[in-house]
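One is the number of the first residue; the rest follow in order along the sequence.
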Amino acid sequence: YILLFFALIAIRAAGQNDQWKTDWANLKKYAESNRVLPPPAKNEKRVVFMGDSITEFWKYTDSNFFAVNPYIGRGISGQTTSQMLVRFRPDVIALKPSVVVILAGINDIAENTGPITLETVFGNIVSMAQLARSNQIRVVLCSVLPANDFPWRKGLGPADKVIRLNTMIRSWGGKNNVVYLDYYSAMVDNRKGLDKRYGDDGVHPNLAGYQIMEPLVQDAIKRALKKNQ
C-alpha cells in the first residue's frame, strides 16, 4: 500500500500543473460514473463517501465493504477541502443520497494546495454539510485521522492541528444536530499519531485500519438516518 500511495502521488504530480489550470477540483474524475449512475431505487438509502485518498483507497483495500453496501466512493487522492467543496454538487448532491459521509482536512494540514488556516478548513467542511442539509441529505462528519508527520512533506507537525480541527468539527456537529464520527480516538497512538497496527505510512489506514473504521461508520450512518433535520 505504501508503494501504491507513492506511485499515485508521482503520477498526480506529473500532471498536476496542467490539471490545476484546466480542472483544479478534478471534476472529470467521476463525471462519467456520475452520468451513468441510476437514481436511487425505491427505499434505497444511498450513501456517498466524500473525501481524499483515505476514502479513495478504501474501496481497493477492502472492496467487499462497498460491494455489499449501498455505498458510493467519491474520494480523490491528495485533495483538500477547497477542492472537495467545488465538486460537492456533482459528486454528492446530484447523486441524491440519503446520507453523505465527509472525511476531509488532513491534506489541508499538509498544505497540499498551499497554506490555509484551520478556520478556513473548518469553514469548507461546514459549507459542505450545509449544502447537503439544504438538499435533504443527512450528514456524518468524520474526525480527521491522527497523524504526527507526512511522508510527502516532513516537519509540519500536524498532530496538534488535527486535534484542534477535530474539536471544531465535533463542536459544530453537536450544536447543529449533525452526527460526529470519532475515528481519531479508535486509531491514535501514544504519540498523537496513527497507530502502526492500523496504518503503514502514518497517514493512510491499512486493511486492519479500515476494519476498525467500518463498524464505526455504519453505526454513524444508522444514527444519521434516524435524525430529524
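Under a 4.0 Å N-O distance rule, the pair Asp182/Arg170 qualifies as a salt bridge. Using a 4.0 Å cut-off between a side-chain N of Lys or Arg and a carboxylate O of Asp or Glu, Arg164 and Asp160 do not qualify as a salt bridge.
Looking at every heavy atom in both residues, Pro39 comes nearest to Glu44 through O-OE1, 4.4 Å. In this structure, Lys45 and Pro70 approach most closely via the heavy-atom pair O-CG, 3.7 Å. Considering all non-hydrogen atoms of both residues, Ala147 and Pro158 come closest at O-CG, 3.4 Å. Nearest heavy atom pair, residue Ser82 against residue Ile116, reads OG-CD1, 4.0 Å. Heavy-atom minimum distance, Leu165 versus Gly105: CD2-CA, 4.2 Å. Smallest separation of non-hydrogen atoms from Arg138 and Ala224: CD-O, 2.6 Å.
Looking at heavy atoms from C-beta onward, Tyr183 lies in side-chain contact with Val217 at the 4.5 angstrom threshold. Contact annotation: the side chain of Tyr210 approaches that of Ile54 to within less than 4.5 Å [non-hydrogen atoms, C-beta and beyond]. Between Tyr180 and Ile169, the closest side-chain pair of non-hydrogen atoms falls below 4.5 Å. Considering only heavy atoms from C-beta on, Met168 comes within 4.5 Å of Glu119 through its side chain. Within the 4.5 Å cutoff, side-chain heavy atoms of Leu27 are placed close to those of Pro90. Contact of the Gln79 side chain with the Arg87 side chain is registered, since non-hydrogen atoms from C-beta on lie closer than 4.5 Å. Met84 is not listed as a side-chain neighbour of Asn124, based on a closest heavy-atom distance of 4.5 Å or more. Looking at Pro97 and Ile72, their side chains never come closer than 4.5 Å, going by heavy atoms from C-beta outward.
Between Phe65 and Phe49, the two ring planes are perpendicular [angle over 60°; tilted spans 30° to 60°].
In this structure a side-chain-to-backbone donor-acceptor pair under 3.5 Å is present from Asp201 to Val203. Side-chain atoms of Ser171 do not come within 3.5 Å of backbone N or O of Thr167 as any donor-acceptor pair. Asp149 places a side-chain N or O within donor-acceptor distance of the main-chain N or O of Gly155, the cut-off being under 3.5 Å. Side chain of Asn135 to main chain of Ile137: no donor-acceptor pair is present (N/O by atom type, distance under 3.5 Å, no hydrogens or angles). Side-chain atoms of Asn64 never come within 3.5 Å of backbone atoms of Ala67 as a donor-acceptor pair (strictly under, hydrogens ignored). In this structure, Asp23 contributes its side chain and Asn26 its backbone to a donor-acceptor pair below 3.5 Å. In this structure, the side chain of Arg74 does not engage the main chain of Tyr30 through any donor-acceptor pair within 3.5 Å. Not a single donor-acceptor pair under 3.5 Å links the side chain of Asn166 to the backbone N or O of Ser143.
The distance from atom CD1 of Ile93 to atom OG of Ser134, rounded to the nearest 0.5 Å, is 6.0 Å. Here the CD1 atom belonging to Ile221 is positioned 6.5 Å from the CD atom belonging to Gln218, to the nearest 0.5 angstrom. Between the CZ atom of Arg133 and the CG atom of Asn177 there is a distance of 6.0 Å, given to the nearest 0.5 Å. Distance check, rounded to the nearest 0.5 Å: CG of Leu103 to CD1 of Ile125 gives 9.0 Å.
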### Task
Evaluate the criterion side-chain contact (heavy atoms from CB on, under 4.5 Å) for residue pair Ile212 and Arg197; output intermediate values, then yes/no.
CA-CA 10 Å; Ile212 290 290; Arg197 293 174 296 175; over 6 Å; no

### Message
Does Val101 form a side-chain contact (heavy atoms from CB on, under 4.5 Å) with Tyr71? I'd like the steps, not just the answer.
### Response
CA-CA 10 Å; Val101 177; Tyr71 302 158; over 6 Å; no

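Heavy atoms from other residues, nucleotides or ligands lying under 6.0 Å from CZ of Arg153 number more than 12. Summarising the local packing, NZ of Lys59 is surrounded by more than 12 heavy atoms from other residues, nucleotides or ligands at distances under 6.0 Å.
Applying the side chain to side chain donor-acceptor pair (under 3.5 Å) test between Thr81 and each of Asp108, Asn107, Asp52, Thr113 identifies Asp108 as the sole match.
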